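I have placed the structure first, in the form of structure tokens, so that the comments after it can refer back to it.
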Amino acid sequence: MRPQVQALRERPHAKVLIIGGGINGVGTFRDLALQGVDVALVERGDYCQGASGASSHMIHGGIRYLENGEFRLVKESVVERNRLLKIAPHYVKPLQTTIPIFSTFSGILAAPVRFLTHKQGKPQERGAFLIKAGLTMYDSFSRDGGSVPRHEFKGRAKALAELPDINPGIKYAATYYDASVHNPERLTLDVLQDGEKAGLVDGTANARATNYLSVISIQDDGVVLTDQLTGESFTFTADVIVNTTGAWVDETNTAMGALTKFMGGTKGSHIVLDHPELLAACRGREIFFEHTDGRIVLIYPMGDRVLVGTTDIDADMSQDAVCTDAEIDYFFDLVGHVFPNIVVTRDEIVYSFSGVRPLPRHDETAPGFVSRDYRIERADRIIAGATVPVLSLVGGKWTTFRALAEHMSNEVLAILGVERKTSTAKLPIGGGANFPVDGAGVEAWIAAHVSEHIDAARAGVLLTRYGTRAETVLAYLAAGEDETFDSTHELSKREVAFMVENEQIGHLIDVLIRRTSLAFRGLVTSELLAETAAALAQPLGWSAAKIAEEISHTQNILARFHGVQVQSLIA
């Protein structure tokens, strides 16, 4: 039995049970642990497997939410963006963003209608006047504690000089800064591990978390939890339950015997391209713009790949969230709209992904106008003879996870009658502590950690993957015999063992998608599958049959959800 599951079975009660291991659930877990609360978290899949892992990889204020009148959310988002740049600098980086603009005054009459009615009507592009007004307001929210430059407007000639491949029909280009998160899955793990560390008091774990543990139902003696890896079930009780299962909040409540209709998520898809010409055309900046249908979309360079997204379609929760052929055609069309001389084909797609945004039920409201803000719904349930408050999170976005977690934690603390001990506003997250402040600092860190067995490239990969927690990984690697994979220099046998010991690996796919970015960048090969599975086999006790099963499972996941076909070396 996994030690994390054993810890819950041996002490099947906590003051707070959090259901859902996306960024908002994990953020709440960390916050409560820091307040000294006995807290447990369960996730039916892997951490950051749902919407949290299917985002546009942006930490942004949401400039377009101004049009919805969501000024509170935009201000909070900008403040939180600035905070994350400081407390999570290993994963959250400034992102230069350019908006190509094709008219001066277009949309001025339509904007008030959109603002008041939240109806799109006939698509009408936003002109320079509207965008200038929005960016000016956006900048104003950064006055206190802002660390990114203010926006700039440039005319056609200067814009084309900076971005020569962009559509020559533009009249202006507006450039501003937001932020990106290239490793959302690893940031989620850092937040989780901070919580576990905070909850370890005198050898007692008061913050316990496990993945692949699902809420099945409620029985007389508590909430039934089932291990998705072994099929074993047990019951668990808590004084307060927090439901942070995103788009599945209603399904989770139903499993606990309460019929709710809070959610109305929309599907967002993305594709990742290996396209050097498009990458070069972006000149290192995100291109963020309004497509001809009024949808705000983006073209976003990430390392040597280009991310293109996103759609906003009402989701059918009974169907898999996958990127469809129609969505891919839409993405190609939008690339052609901005860079008319650049051709993109399906052969250049190395990965695709899709998720369901945890939006509130919105009935007739157009998806683009559904609030991205969040609220907390409370309902009491009788569990094991006691009245238990159940708090359901409706909404929430990546950028505001820290503030949202603080809000949720305050609600829980009030119910428990516990005073807040500390704020997370300035608390570094995981490997963001003492992270180098600039490129020269990064080079110095890498040089200081080169050794007989670790070259500069490998040290750089570890710093990118773990932040300053890479020092712990390096010490682990040095403590035993290690061997870098033949299929990639970015992984080694002993590092995989470290992940098993410290990062709750349940399946082979966890390593490729959520502990590394190998799948995202289209680097999964049959050789990599075989080497990774072999490295996992010893620490996890996998048989030859289990190895073959895990490779097949990974191939199916990559093909079914990400459009990636990988053949197996095993016949």
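All values below come from the heavy atoms of this structure, side chains included, with hydrogens, waters and symmetry mates left out. The structure presented is a predicted model; accordingly, all values stated were derived computationally and were not measured.
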Please name the pair of heavy atoms, one in [X] and one in [Y], separated by the smallest distance, quoted to 0.1 Å.
X: Asn167; Y: Leu160; value: O-CD2, 4.3 Å
X: Gln555; Y: Gln567; value: NE2-C, 3.2 Å
X: Ile429; Y: His90; value: O-CE1, 3.3 Å
X: Ala533; Y: Ile551; value: CB-CG1, 4.0 Å
X: Arg283; Y: Pro164; value: NH2-CG, 3.1 Å
X: Thr244; Y: Gly20; value: OG1-O, 3.2 Å

If you draw the axis of the six-membered ring of Phe520, does the NZ or CZ of Arg515 fall within 45° of it and under 6.0 Å from the ring centre?
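Ring-cation test returns no.
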Drop me the distance from [X]'s [atom1] to [Y]'s [atom2], to the nearest 0.5 angstrom.
X: Leu404; Y: Arg375; atom1: CG; atom2: CZ; answer: 13.0 Å
X: Leu278; Y: Ile342; atom1: CG; atom2: CD1; answer: 5.0 Å
X: His57; Y: Tyr300; atom1: NE2; atom2: OH; answer: 7.5 Å
X: Ile99; Y: Thr175; atom1: CD1; atom2: OG1; answer: 8.5 Å
X: Leu359; Y: Tyr374; atom1: CG; atom2: OH; answer: 15.0 Å
X: Ile509; Y: Gln49; atom1: CD1; atom2: CD; answer: 9.0 Å

Begin with the C-alpha distance, continue with both residues' side-chain angles, and end with the deciding distance and a verdict on side chain to side chain contact (heavy atoms under 4.5 Å, CB included) for Val564 and Val566.
CA-CA 6 Å; Val564 176; Val566 182; 3.7 Å; yes
Tell me whether Lys158 at atom NZ has more than 12 heavy atoms from other residues, nucleotides or ligands lying less than 6.0 Å away.
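12 or below, so no.
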Is the distance between the ring centroids of Phe102 and His337 under 6.0 Å?
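Ring-ring flag for Phe102/His337: true, centres closer than 6.0 Å.
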Do the rings of Trp398 and Phe401 sit parallel, tilted or perpendicular, given the 30° and 60° boundaries?
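Ring orientation of Trp398 relative to Phe401: perpendicular.
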If we count only N and O atoms by modelled type, under 3.5 Å, do the side chains of [X] and [Y] hold a donor and an acceptor together?
X: Asn243; Y: Asn253; result: yes
X: Thr97; Y: Glu286; result: yes
X: Ser392; Y: Glu377; result: no
X: Glu80; Y: Thr400; result: no

Working note: Arg458 + Ser492, criterion side chain to side chain donor-acceptor pair (under 3.5 Å); need CA distance, chi angles, decisive distance, verdict.
CA-CA 10 Å; Arg458 181 80 171 116; Ser492 70; 3.1 Å; yes
Ion pair check, [X] and [Y], cut-off under 4.0 Å:
X: Arg521; Y: Glu490; value: yes
X: Arg465; Y: Glu495; value: yes
X: Asp250; Y: Lys261; value: no
X: Arg305; Y: Glu348; value: no
X: Asp329; Y: Arg346; value: yes
X: Lys267; Y: Asp314; value: no
X: Glu76; Y: Arg72; value: yes

side-chain hydrogen bond (donor to acceptor under 3.5 Å, both in side chains) partners for [X], two or more places apart:
X: Glu550; result: His507, Lys546
X: Asn183; result: none
X: Ser56; result: His270

Look only at the side chain of [X] and the backbone of [Y], and say whether a donor-acceptor pair between them is shorter than 3.5 Å.
X: His275; Y: Val343; value: yes
X: Lys397; Y: His60; value: yes
X: Ser352; Y: His562; value: yes
X: Lys93; Y: Pro89; value: yes
X: Ser180; Y: Leu95; value: no
X: Asp190; Y: Gly431; value: yes

Sub-4.5 Å side-chain heavy-atom contact between [X] and [Y]:
X: Gln504; Y: Tyr47; value: yes
X: Val338; Y: Phe289; value: yes
X: Ile287; Y: Leu298; value: no
X: Ile23; Y: Cys48; value: no
X: Ile101; Y: Ile170; value: no
X: Tyr351; Y: Ile349; value: no
X: Leu189; Y: Met499; value: no
X: Leu393; Y: Val249; value: no

Let's go through Val272 and Val306 carefully: what are the C-alpha distance in whole Å and the side-chain angles of both, what is the deciding distance for side chain to side chain contact (heavy atoms under 4.5 Å, CB included) to 0.1 Å, and is it a yes or a no?
CA-CA 6 Å; Val272 181; Val306 182; over 6 Å; no
Side chain to side chain contact (heavy atoms under 4.5 Å, CB included) between Trp248 and Arg44: does it pass, once the steps are laid out?
CA-CA 11 Å; Trp248 291 269; Arg44 69 174 182 175; 3.3 Å; yes
Before you tell me yes or no, could you show the steps for Arg285 and Glu162 under salt bridge (charged side-chain N to carboxylate O under 4.0 Å, His left out), namely the whole-Å CA-CA distance, both residues' side-chain angles and the distance that decides it to 0.1 Å?
CA-CA 11 Å; Arg285 65 184 75 183; Glu162 287 188 1; 3.2 Å; yes
Go through Thr311 and Thr324 one step at a time and tell me if the side chain to side chain contact (heavy atoms under 4.5 Å, CB included) criterion holds.
CA-CA 11 Å; Thr311 50; Thr324 65; over 6 Å; no
